[in-house]
S.K.: 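So that we are looking at the same thing, I have put the structure below in structure tokens.
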There are 2 protein chains.
Amino acid sequence: MDKHAVSKLLEIADRWYSQIKRAEIPYISLPTRTKHNIEYDEGTEVWKYGEKETTRTASTAKSALHLLKMAYVVGFLKDQIGENRSSTLREMYYISEGWKRAKFGAQDESNFLVEDLEIITELSREAFHLRPEEDGASIFGPIKIREQTRRGDKDIHCVEDVGEAGYSIPNNVERLTFLENDAKFVIAMETGGMYARLMENGFSEEYDAVLLHLKGQPARSTRRMLKRLNNELGLPVVVFTDGDPWSYRIFASIAYGSIKAAHMSDILVTPGAQFVGVQPSDISMYNLPSDHLTEGDIAALKAELTDPRFDTEYWRNQINLQIKLGLKSEQQAFAARGLDFVTKEYLPARLSEMGII
Amino acid sequence: MDKHAVSKLLEIADRWYSQIKRAEIPYISLPTRTKHNIEYDEGTEVWKYGEKETTRTASTAKSALHLLKMAYVVGFLKDQIGENRSSTLREMYYISEGWKRAKFGAQDESNFLVEDLEIITELSREAFHLRPEEDGASIFGPIKIREQTRRGDKDIHCVEDVGEAGYSIPNNVERLTFLENDAKFVIAMETGGMYARLMENGFSEEYDAVLLHLKGQPARSTRRMLKRLNNELGLPVVVFTDGDPWSYRIFASIAYGSIKAAHMSDILVTPGAQFVGVQPSDISMYNLPSDHLTEGDIAALKAELTDPRFDTEYWRNQINLQIKLGLKSEQQAFAARGLDFVTKEYLPARLSEMGII
């Protein structure tokens, strides 16, 4: 795996070398990364970058400097992989202090360059031993995992061998193997309050469910984990969030991918993931405590109506209904009907409607 | 433990009952919760509320409503404890939907009322089975813990039995027992990047250190964990953060307590905790990559100069030096000197200077 990553990185330098040998000014071409250049891929059912390309050629000082920085990063990553070390994006940014003119001006710039490398090599930054800052999610449920650690392999059953907080997903999900499981589906939840609610109410045991706490907008490792649970174990994935436009984007990033990581869609996206709620229609059906939509919420809902990822009858209906209602509700709002309502009434009804249980 | 919590809650109702029997208008008295009413307690070495009190009496409609809400909350918590259930602050807020005139207008109001109850009963909200939303921190190091879970006791060694993310501290730290340990001290770190750096560099093994990831401003469970590690196991606690005014407040909340939770100081604060860095003097001594202080940073530093918690020679010198330098540095900035610098040079030097190793 490491050898493959190094050879993919060195291909970039090889390409420049050939360009120079052919008396061409060295350049790189990359897909344009905007909302207008993502397309639905029928084969894999995820959103990916389209055909539009941006080329950076060393004929201008600015682009030449960009290629110089890329050369330094390639060199640094090659050494890091060779020494079996790893670093965070932030550390790499600071390491560039020693790179003279190739020093990054801001971390956005180095982050963006790493994304360029991901696109060019078709590898994720974890393959270059670049660690994310953010934590992975927690899971709890009837599944046994083998994690390859620096201290050897650890076999962990996500009910028997963990405390009340569950098992923390490591940064690099590729180090996990799924050993055995009695799970029927995975339910990913936005808030820690709901994750703890389902644990306390025995939902995992009753429905053989793997509970996963997304911790807000899910980290890449979390999305990769969901993808693998779905893909390798064939477990359906359902997503349960607050009922507001920002939460729908959490669902969309899991089920359709994100613009920022469209080049990683194949490994990060779970196309079959289904949205449980809170649906705008739930707000009226269950008379949930709600707040008024802010102007920002309404603008976000309207933006979603033009976002290709939400271009389905279901989402158009729900989003238009929400704009009409002018309301949003949090998932914990079900507590207004009692602490058991969500696990005894709402989820069983929704999940059987969706064909999950 | 549960019985004690219920009886402390019912004392509040008892007090009102006696007041009414004596033909007094029912009231509650509480310490005033502002920066001007926290005082240093010599005996326990932490900051606590002073003598100033605020009284709420049912002689006005507003305060009467406040007491009504408190009565509903007391009733709810009593039932919850009796049924061995728990809920989040957010769920309790939603549950108040059914309390007619005692319904909370906003969550700030119900949170504040729970803090009032903590002050009156001298118990933490966890004792009322109120769960925080936030997650606890992660720890990694030579210590074995027994966690009492709904699924029975789990014995977990925080190196042998955990993955690369470490052991996640549960919401309620009172459910933990420390079994055995080979640790010499605890190092609490602000960022996940530094936590992973120390793990990767073998710092825990080399110095018998327990690594703890604070995840920014530490949750109450994290501060309680540090207090218990220090108090029960006699382990020194050191805190390693970014070098900016916001990070010094993270240290202060661990070592001196916070205004918001001054009533919980006895159980949450670790008075002996020491600050490792990043010190403003490190920025110049190690020539660390730095950013200019913003106006907000400077205002925060100046506020700290009048904060009783920072009223020591060390902090006055460091804060004045930082204002003079006009710079701040992150802990990961040590990476500019190489990925090993922090564990091979900086920390050994600082920790031996501090008498920890």
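The chains referred to below are lettered A, B, ... by the order of the sequence lines, with proteins before strands, and numbering in each begins at 1.
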S.K.: Check A:Lys154 with B:Glu160, please: is the shortest side-chain N to carboxylate O separation under 4.0 Å?
M.R.: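 Salt bridge: yes.
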S.K.: Considering only heavy atoms, which portion of A:Arg85 lies under 4.5 Å from any heavy atom of chain B: side chain, backbone, both, or neither?
M.R.: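 When you check distances to chain B, atoms from both the backbone and side chain of A:Arg85 fall under 4.5 Å.
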S.K.: Can you say whether B:Ile156 sits under 4.5 Å from chain A via the side chain, the backbone, both, or neither, judging by heavy atoms?
M.R.: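 It is the side chain, since no backbone atom gets that close.
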S.K.: Does any heavy atom of chain B fall under 4.5 Å from the side chain of A:Ser96, the backbone, both, or neither of them?
M.R.: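 The answer is neither part of A:Ser96.
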S.K.: CD of B:Glu91 to CZ of A:Arg197: how many Å apart, nearest 0.5 Å?
M.R.: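 Reported value, rounded in 0.5 Å steps: 4.0 Å.
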S.K.: Under the side chain to side chain contact (heavy atoms under 4.5 Å, CB included) rule, what do B:Tyr93 and A:Gln332 come out as? Steps first, then yes or no, please.
M.R.: CA-CA 10 Å; B:Tyr93 163 69; A:Gln332 292 189 63; over 6 Å; no
S.K.: I'd like to verify something: which residue of B:Asp340, B:Asp153, B:Asp161 has the highest number of heavy-atom pairs under 4.5 Å with chain A?
M.R.: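 Option with the top pair count is B:Asp340.
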S.K.: To the nearest 0.5 Å, what is the distance between OG1 (B:Thr149) and CZ (A:Phe140)?
M.R.: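 Those atoms lie 7.5 Å apart.
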S.K.: Can you tell me which portion of A:Asn201 sits under 4.5 Å from chain B's heavy atoms? Options are side chain, backbone, both or neither.
M.R.: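 The side chain, not the backbone.
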S.K.: Taking B:Gly193, B:Pro170, B:Gly166 one by one, which has the highest count of heavy-atom pairs under 4.5 Å against chain A?
M.R.: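 The residue among B:Gly193, B:Pro170, B:Gly166 with the greatest pair count is B:Gly193.
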S.K.: Using heavy-atom distances under 4.5 Å, tell me whether A:Met194 contacts chain B through its side chain, its backbone, both, or neither.
M.R.: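 For A:Met194, no heavy atom lies under 4.5 Å from chain B.
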S.K.: Under 4.5 Å from any heavy atom of chain B, what part of A:Leu339 do you find: side chain, backbone, both or neither?
M.R.: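 Backbone plus side chain of A:Leu339, per the 4.5 Å heavy-atom cut-off to chain B.
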S.K.: Consider salt bridge (Lys or Arg N to Asp or Glu O under 4.0 Å). Of B:Arg131, B:Arg150, B:Arg175, which one does A:Glu164 pass it with?
M.R.: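 Among B:Arg131, B:Arg150, B:Arg175, the one meeting salt bridge (Lys or Arg N to Asp or Glu O under 4.0 Å) with A:Glu164 is B:Arg150.
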S.K.: Supply the atom-to-atom distance A:Tyr94 OH to B:Arg337 CZ, rounded to the nearest 0.5 angstrom.
M.R.: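 Here the interatomic distance stands at 14.5 Å.
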S.K.: Taking side chain as everything from C-beta outward and backbone as N, CA, C, O, which of these in A:Glu147 sits under 4.5 Å from a heavy atom of chain B? Side chain, backbone, both or neither.
M.R.: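 Contact with chain B is through the side chain of A:Glu147 alone.
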S.K.: Does any backbone or side-chain atom of B:Glu97 lie under 4.5 Å from a heavy atom of chain A? Answer side chain, backbone, both or neither.
M.R.: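 Looking at B:Glu97, just its side chain touches chain A.
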S.K.: Where does A:Arg151 contact chain B at under 4.5 Å (heavy atoms): side chain, backbone, both or neither?
M.R.: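 Contact with chain B involves the side chain of A:Arg151 alone.
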